[in-house]
Every structure is written in structure tokens, then in C-alpha cells.
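See below for the structure under consideration.
Predicted model, so just to flag it, every value in this text is computed and none were measured.
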Amino acid sequence: MDSFTSFLCLCSIIFQSISLIEAQASLCRTTCGDIPINYPFGIDDGCGSPYYRHMLVCSDLGNLYLRTPSGRYPVHSISYSNPHILVTDPLMWNCRDGDHFRPTRPFSLDTSTPFTLSSQNDYLFFNCSEDYVIVEPKPIFCERFPDRCDSSCDSASYLCRHLPECADALSASSCCSYYPKATESLRLMLRYCASYTSVYWKAVGSTTNSPYSQVPEYGIRVDFDVPVTTHCLQCQDPSKGSGTCGFDTQTHNFLCLCKEGNVTSYCKGHDISRHKRAGVIAGTVTGISAAGAIGIGIGIWVVKKVRAKAPVTCGVQSNENRIF
């Protein structure tokens, strides 16, 4: 490859880098379908908090999924004021199944992440073997065996008697309510039960203390923490430039993503050109080094000195431009 062709390739790379820098802030999508994506989440690498990296996936069709060790689950909604995600598991029992139970798998979370299963979830198990599972009305069982009360699956629970959306869906199958304390206990229950489903209590109205302020719906509520930092608050501050909180994908260090580039604090009033970082968005170049600038000057001099030849595609070698 001659000097002129090398210069053209160098210019192409540099100009692409400049356009990527200017577009970097816009690479952090704020929605997936009709679900808002705000801090601490990000569906583009380098956006949001590194603690939630690769947790959410947005499909080409605009469907949002939560990734866990047990699979990918459709996200129904995200609440940021009362931090939680509502997900569904297509393999869980639903009203349409009735007395026909499909194979399912236990839902699980990575305990090393800031996600936790909400205490507002209730679990219903169907057709459990009474040889291995204690299936009895909980109040009666707890009176007789108070020390083993937590181990019983309540066959007289409110939810079993009033299945949400389909009270009469079960005609010949048994139901009991049990809250697994860990994924392992959930696995054991499913070993001796035909299927299960999860019900969460959805708050309705402005009063949350009333027993009538919550209604049961099918789904899994997953709570999360918002790791608020001074850097992120400054970055998002409208008076400081309304940046987007992100991180370096290589070091996980905080970065404030701005339209002009990336800084370590906030956008407004900073010389952003001094804080270019590489690797913030996977696969992009976010800075031009001093060597690159020197290369431009050298390239201009080379153009003046080297005779122009037929253009050659960058990076493709032929017998005419091969380097031996």
C-alpha cells in the first residue's frame, strides 16, 4: 500500500472517530418499545451503571428482556419511583392452562447483582405430592406445629381460593401457597409439584396502607437498588449540561456522556476535548490522540510529495499494494 493510500485510510478512520464522538450521547437509547430506560439501566454498552451491565436486552422488535441465570424474561414494566421491574415467565402456569400443566423451570436471580426477589411475590404450586410436600391449611397446621409452620404449603390460601382473573380455572387439581426462601427450595418444590406460578401485589390508588389498595396480578416483581453518586447527579443536572451517566467499558470508571464527547464530571463549562475516552461504547473510538494529529500533518506533506495513483480499498491487499 503506497503512502497516498495510507493517508486516505488514516483520514477515513479519523473522520469516522469524530462523527462517533459527536453522536456518542445519542447512542444511549432512552426507550425500548414503550418502556423508558433510565439510570441505572442501559441497553447500550457503556450507558447507565456498570452494576447493571448486560442485564437488559432490547430486541430488534422493541421487546425488552431481563437476563438471569435461568433465562431471558419479558419485561412488563419498570418503576423508577418505587424501584422494581415486573417480568413474566411464559413457562409458568396461567389461566388458559387450567388443569393441564406444562413443564416449567424455576426462576432465579444472580445473587451477586443488586436485584432481589420482592417480598410482594406469592407463589402458587399445583398438584404437589403429599408424600414429599406438607400440603395443609396453614392456620391449622401452624397451631399444631408452630416450629414447622414455614415448611407447609397453605392449601387454604386466599389466592388458591380466588385465583386472579380465573377463580374457577382449576377443577380437579390441588393448589397451595408457599414462599421459597431460595432458588434451591423452589427447585425442590417443583420436583414434587406439577407446576407453579407467581403472583405479585400491585398497588392501586394513592393509599397503600389499606388492604384494598393492592390487587393480585400474575408476574414476578424484581426489586433493584439505584446506586446514586455525586458524579451522576452532577452529570444529569440541567444547569451543568444535562449529560447522560455512563461508564468506561474497559475500566468501569464513571463517565458523563455529552454530545461533544465524554468527561469525568459534567458537560457544561468543561473542555471536553481534554477528556476523550476510548471504549465507552463497545466497538467505537471516542478520542483522537496527539499521534493522530501528527499523522494528519505528515499525511498532508506526503500527499504533496507522492504521485497520485489509482485508489485502493483500505485494508485489502493485492499484488500491486501488498507489503512484502
Side-chain angles (χ1 to χ4, degrees), residues 14-59 62 64-67 75 77-86 109-110 112-116 222-290 292-293:
I14 291 173
F15 290 141
Q16 288 175 12
S17 301
I18 294 173
S19 62
L20 286 169
I21 291 168
E22 293 174 346
Q24 175 128 5
S26 63
L27 288 177
C28 293
R29 286 172 287 176
T30 56
T31 60
C32 179
D34 58 356
I35 299 178
I37 306 298
N38 300 330
Y39 185 84
F41 298 121
I43 51 179
D44 300 294
D45 202 9
C47 303
S49 168
Y51 295 110
Y52 294 97
R53 186 181 186 185
H54 302 318
M55 297 289 184
L56 295 180
V57 179
C58 186
S59 72
L64 188 63
Y65 296 90
L66 172 68
R67 297 175 59 181
V75 175
S77 63
I78 300 178
S79 171
Y80 295 94
S81 57
N82 179 19
H84 68 270
I85 298 177
L86 294 179
L109 290 172
D110 185 347
S112 66
T113 67
F115 286 127
T116 56
V222 178
D223 294 338
F224 64 89
D225 298 323
V226 181
V228 178
T229 65
T230 303
H231 286 309
C232 186
L233 292 175
Q234 287 183 338
C235 174
Q236 294 176 326
D237 190 343
S239 65
K240 296 183 181 294
S242 297
T244 301
C245 297
F247 59 93
D248 189 304
T249 58
Q250 297 176 2
T251 65
H252 285 190
N253 291 334
F254 173 82
L255 285 179
C256 185
L257 310 183
C258 312
K259 291 182 179 179
E260 298 82 6
N262 311 313
V263 294
T264 55
S265 52
Y266 51 88
C267 302
K268 191 174 182 180
H270 281 257
D271 185 359
I272 293 179
S273 63
R274 295 180 182 176
H275 299 283
K276 297 290 187 281
R277 290 289 188 272
V280 176
I281 303 296
T284 66
V285 180
T286 60
I288 301 176
S289 66

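Distance check for Cys58 and Cys32: the SG atoms are under the 2.5 Å cut-off. Cysteine sulfur proximity is satisfied for Cys258 and Cys267, their SG distance being under 2.5 angstrom. The sulfur atoms (SG) of Cys47 and Cys245 lie 2.5 Å or more from each other.
Under the 30°/60° scheme for interplanar angles, the aromatic rings of Tyr52 and Phe224 are found to stand perpendicular.
Atom NZ in Lys240 sits 11.0 Å away from atom CG in Leu233 (nearest 0.5 Å). Considering CD1 of Ile35 and CD1 of Ile78, their distance stands at 6.0 Å, rounded to 0.5 Å. Atom CE of Met55 sits about 9.5 Å away from atom CD1 of Ile85, to the nearest 0.5 Å.
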Run the side-chain contact (heavy atoms from CB on, under 4.5 Å) check on Leu66 and Phe115 step by step: do they pass?
CA-CA 11 Å; Leu66 172 68; Phe115 286 127; 3.9 Å; yes
Test Thr116 against Leu109 for side-chain contact (heavy atoms from CB on, under 4.5 Å), laying out the working first.
CA-CA 7 Å; Thr116 56; Leu109 290 172; 5.5 Å; no
Go through the steps for Ser49 and Phe247 under the test side-chain contact (heavy atoms from CB on, under 4.5 Å), then give the verdict.
CA-CA 7 Å; Ser49 168; Phe247 59 93; 5.9 Å; no
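Looking at His54 and Asp45, their side chains come closer than 4.5 Å, going by heavy atoms from C-beta outward. Side chains of Leu257 and Cys28 form a contact here, defined as non-hydrogen atoms less than 4.5 Å apart. Residues Val57 and Ile43 form no side-chain contact, since every pair of their non-hydrogen atoms from C-beta on lies 4.5 Å or further apart. In this structure, Leu56 and Leu64 have side chains that are in contact, with non-hydrogen atoms separated by less than 4.5 Å. With contacts defined as side-chain heavy-atom distances shorter than 4.5 Å, the pair Tyr39/Val226 qualifies.
Among all heavy-atom pairs drawn from Tyr266 and Gln234, the shortest one is CB-O, 3.6 Å. The shortest heavy-atom contact between Thr264 and Phe254 is O-CD2, 3.8 Å. Nearest heavy-atom pair, Pro227 versus Tyr51, reported as atom, atom and distance to 0.1 Å: CG-CD1, 4.1 Å. Heavy-atom minimum distance, Ser242 versus Pro238: OG-CA, 3.1 Å.
In this view, Asn253 and Thr251 satisfy the side chain to side chain donor-acceptor pair (under 3.5 Å) rule, not counting sequence neighbours. Annotation: side chain to side chain donor-acceptor pair (under 3.5 Å) contacts of His231 (sequence neighbours excluded): none.
Not one N or O on the side chain of Tyr80 forms a donor-acceptor pair closer than 3.5 Å with the backbone of Pro40. Looking only at distances, no side-chain donor or acceptor of Thr31 sits under 3.5 Å from a matching main-chain atom of Asp34. Judged by distance alone, with hydrogens and angles left aside, the side-chain atoms of His84 form a donor-acceptor pair with the main-chain N or O of Asn82 at under 3.5 Å.
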